[in-house]
Amino acid sequence: MESTEMTKSDQVVEEKCLEPALPATIQDIAKFEGKRVEIKGWLYNKRSSGRINFLQIRDGSGIIQGVMVKKEVPIETFKEAKKLGQESAIIVTGTVRADERADIGYELSVDNLVVISETDDYPITPKDHGTDFLLDHRHLWFRSKRQHAIMRVRSEIINACRDYFNDRGYILFDSPILTPSACEGTSNLFGTKYFDEDAYLTQSGQLYVEAGALAFGKVYCFGPTFRAEKSRTRRHLMEFWMIEPEIAYINLEENMEIQEDFVEYVVQRVLSKMKIELKIIERDISKLEKVKKPFPRVQYDEAVEILKKKGVDFTWGDDFGAEHETILTEEFDRPFFVHRYPAEAKAFYMKRDPERLELALCSDMLAPEGYGEIIGGGQREDDYDELLKRVREHELPEDAYRWYLDLRKYGSVPHGGFGLGIERTVAWVCGLHHVRETIPFPRMLNRMYP
RNA sequence: UGCGCUGUAGCUCAACGGUAGAGCAACCGGCUGUUAACCGGUAUGUUGUAGGUUCGAUUCCUACCAGCGCAGCCA
């Protein structure tokens, strides 16, 4: 099929004595000013004005307007272009021309068009659609400008996360997705079968990554995480991605220093590399420019004081709800830490503060503008007897945690780490209302399609 | 799971209890610089499901179903 199309295209070249077209992407179109190029893509939208067809062409890297003038192309080509439906696959050739009127500064004077596949009735029209409809068409939705930009930012954030740790001597140490028991002893896991045994989809790689830290010093895992919580809010997905570094020989303070350095790096990198995308999403850049360390550190006790000063009824020992998080968030113009929560409500593996045994050596990083918790982390209990006691207190199956207890038996050291939720981070960096737009195919309560 | 809201054309939404309507998309035509282009024309319905009140229900009532928002839980 391709060869016959090329012949057709070559004929036009001959007839008009045009230069051969260079393969080009819209992203790099500036390099081709004055040159004749070929763009392989899709029709994003079109308008016409009698004797001119304006074709908005997208190729995945960007959108450019192709201008097709009636008297400059064969009449059949002009008519064909006029009838083309949104998202028809097309190969367009033409000359790149600088034009002030164009969004990207360049237009394409089209001299030929080859239709690879025609489309009619593309469901996502350039008008308003409801979220439910768009989510039903998620497989098409991210062809649209805004979703396209968000997916690019997500990709860059993930690359930045990986680069940060790879460049600093961390070993990628992936944790299993199928696990024999609950990592943190909580319920709400997706259950499945491992042949005849019960198995669960992981809700955190942390326990495994601890084993990695004691072997390699500094490791991280990056993968999907599953929570079978019946949560339906703008901050929750049933399946989400988390990057979880774990480091031997660090304390809580050092842990927080790594976190702020890491988050600053990720945000600043998106700021410098994704300007176009952030503009399409209409993100207020000034908010992100303030994301510089050091991030404020607030003890749980102080956070409770802040809430009380603001007239919020709050009992010491409770965990913060969404409303409380938002109020605290308004206090700062950058992410901040809340550390040393009451140990009662926290996971069994968290180390107690030796100076105040009722507190856990843990911290959350809360993103500004009401985006809530993006990181949870802390110091792990490294004493064998203490950890065994906690396992028993939480009535966890001792046998399943044998290997985890072993880590405290053979060369135990103070260690800690944290987990950053990718989708919440993307939502915050992009300034989105809901995390469902931050992942290609969101898994939500009541939605597993497409 | 609790509280609240919604369900009408492919999409976004109207319609005091009195024969079901608009914009966009589709289709036909017009326009030499459009940019969610515009202008004229054509076609489009089991009003979520089941019952009830009523002469008459898209409208009022009940149940169910589906979805959304908020909360809890968490990243």
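Convention: sequence-line order gives letters A, B, ...; per-chain numbering from 1. None of these values were measured; they are calculated from a predicted model.
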Given that both distances must come in under 3.5 Å, which nucleotide forms a Watson-Crick or G-U wobble pair with B:U54?
-> none

Base versus backbone protein contacts along nucleotides 66-73 of chain B [heavy-atom cut-off under 4.0 Å; B, S, -] = -SBBBSBB

Just how far, in rounded Å, is P of B:A75 from CD of A:Glu423?
-> 13 Å

Roughly how many Å is it from CG in A:Asp364 to C1' in B:A75, rounded to a whole number?
-> 9 Å

Taking the C1' atom of each, how far is B:U32 from B:G41, in whole Å?
-> 24 Å

When you compare B:U8 with B:A50, how far apart are their P atoms, in angstrom units rounded to a whole number?
-> 16 Å

Donor-acceptor pair, A:Glu260 side chain versus A:Phe295 backbone, under 3.5 Å?
-> yes

Who is the Watson-Crick or G-U wobble partner of B:A20, with both distances under 3.5 Å?
-> none

May I ask you to say what A:Gly372 touches in the nucleic acid, namely base, sugar-phosphate or nothing, with a heavy-atom cut-off under 4.0 Å?
-> nothing

Watson-Crick or G-U wobble partner for B:U59, using a 3.5 Å limit on both distances?
-> none

Whole-Å C1' distance, B:G21 and B:A14 = 7 Å

Quick one: on RNA chain B, does A:His129 or A:Asp103 contact a more 5' nucleotide (nearest heavy atom)?
-> A:His129

Within this structure, what is the CD-to-P distance between A:Glu118 and B:C27, rounded to whole angstrom?
-> 10 Å

Which nucleotide, B:A26, B:A75, B:C74, lies nearest any side-chain atom of A:Phe240?
-> B:A75

How far, in whole Å, is B:G30 from B:G67 if one measures between their P atoms?
-> 47 Å

Please name all residues satisfying side chain to side chain contact (heavy atoms under 4.5 Å, CB included) with A:Asn166, sequence neighbours left out, ordered by chain then number.
-> A:Arg162, A:Tyr220

With C1' as the reference atom in both, quote the distance from B:C13 to B:G18 in angstrom, rounded to an integer.
-> 23 Å

Separation between the P atoms of B:U54 and B:G40, rounded to whole Å | 48 Å

Restricting to pairs with a member in residues 326-347 of chain A, which pass ring-ring contact (aromatic ring centres under 6.0 Å, His included), not counting sequence neighbours?
-> A:Tyr300-A:Tyr341, A:Phe320-A:Tyr341, A:Phe332-A:Phe336

Sugar-phosphate only, base, or nothing, as touched by A:Leu237 at under 4.0 Å among non-hydrogen atoms | base

Parallel, tilted or perpendicular: ring planes of A:Phe262 versus A:Phe165, cut at 30 and 60 degrees = tilted

Whole angstrom value for the distance that separates C1' of B:A36 from CG of A:Asn45 = 8 Å

Polar side-chain atom of A:Tyr404 near backbone of A:Glu210 as donor-acceptor pair, under 3.5 Å | no

Sequence neighbours left out, cut at 3.5 Å: what donor-acceptor pairs do the side chains of residues 230-242 of chain A make with other protein atoms?
from, atom 1, to, atom 2, distance (Å)
A:Thr233, OG1, A:Arg235, N, 3.0
A:Thr233, OG1, A:His236, ND1, 2.6

Using atom names, set out every protein N or O paired with an N or O of nucleotides 6-8 of chain B below 3.5 Å, distance rounded to 0.1 Å.
none

Test: A:Glu331 and A:Lys309 ion pair at under 4.0 Å | no

Can you tell me, in whole Å, how much space there is between the C1' of B:U44 and that of B:A22?
-> 13 Å

Apply the salt bridge (Lys or Arg N to Asp or Glu O under 4.0 Å) test between A:Glu381 and each candidate in A:Arg352, A:Lys346, A:Lys351; give the one that qualifies.
-> A:Lys351

Paired with B:A15 by Watson-Crick or G-U wobble geometry, both distances under 3.5 Å: which nucleotide is it?
-> none

Once you apply the 3.5 Å cut-off to both distances, tell me the Watson-Crick or G-U wobble partner of B:A9, or none.
-> none

Before giving the answer on side chain to side chain contact (heavy atoms under 4.5 Å, CB included), spell out for A:Ile116 and A:Ile91 the whole-Å C-alpha distance, their side-chain angles and the decisive distance to 0.1 Å.
-> CA-CA 7 Å; A:Ile116 303 303; A:Ile91 297 177; 3.7 Å; yes

Paired nucleotide for B:G4 [Watson-Crick or G-U wobble; both distances under 3.5 Å] = B:C68

Is the A:Phe441 ring parallel, tilted or perpendicular to the A:Phe142 ring (thresholds 30°, 60°)?
-> perpendicular

Give A:Asp120 one of three labels, base, sugar-phosphate or nothing, depending on what nucleic acid heavy atoms sit under 4.0 Å from its own.
-> nothing

Taking any strand in view, what nucleotide pairs with B:U42 in a Watson-Crick or G-U wobble way, both distances under 3.5 Å?
-> B:A26

Measure the distance from CG on A:Leu84 to C1' on B:C27 and round it to the nearest whole Å.
-> 16 Å

A:Leu140 CG to B:G10 C1': how many Å, rounded?
-> 14 Å

With both distances under 3.5 angstrom, what nucleotide forms a Watson-Crick or G-U wobble pair with B:U47?
-> none

Here the distance between atom C1' of B:A25 and atom CG of A:Asp128, to the nearest Å, is 13 Å

Does A:Ser61 use its side chain to pair, donor to acceptor, with the backbone of A:Ile26 at less than 3.5 Å?
-> yes

Looking only at atom P, what distance separates B:U6 and B:U42, rounded to whole Å?
-> 35 Å

If you look at every strand shown and take non-hydrogen atoms under 4.0 Å, does A:Asp121 touch a base, only sugar-phosphate, or nothing?
-> sugar-phosphate

Is atom CD of A:Glu393 surrounded by more than 12 heavy atoms (other residues, nucleotides or ligands) closer than 6.0 Å?
-> yes

B:A36 C1' sits how many Å from A:Gln86 CD, rounded?
-> 11 Å

Expected rows: protein N/O vs nucleotides 28-34 of chain B N/O, under 3.5 Å:
from, atom 1, to, atom 2, distance (Å)
B:C31, N3, A:Gly50, N, 3.1
B:C31, N4, A:Ser48, OG, 2.9
B:C31, N4, A:Lys82, NZ, 3.0
B:U32, O4', A:Ser49, O, 3.4
B:U32, O4, A:Lys71, NZ, 3.4
B:G33, N1, A:Arg101, NH2, 3.3
B:G33, N1, A:Glu107, OE1, 3.0
B:G33, N2, A:Gln65, NE2, 3.4
B:G33, N2, A:Glu107, OE1, 3.1
B:G33, N2, A:Glu107, OE2, 2.3
B:U34, O2', A:Arg47, NE, 3.4
B:U34, O2, A:Arg47, NE, 3.0
B:U34, O2, A:Gln65, OE1, 3.3
B:U34, N3, A:Gln65, OE1, 3.1
B:U34, N3, A:Gln65, NE2, 2.8
B:U34, O4, A:Gln65, NE2, 2.8

Option from A:Thr425, A:Ile439, A:Val429 for which side chain to side chain contact (heavy atoms under 4.5 Å, CB included) with A:Arg154 holds = A:Ile439

Looking at A:Tyr164, is A:Arg269 sitting on its ring face, NZ or CZ under 6.0 Å from the six-membered ring centre and within 45 degrees of the normal?
-> no

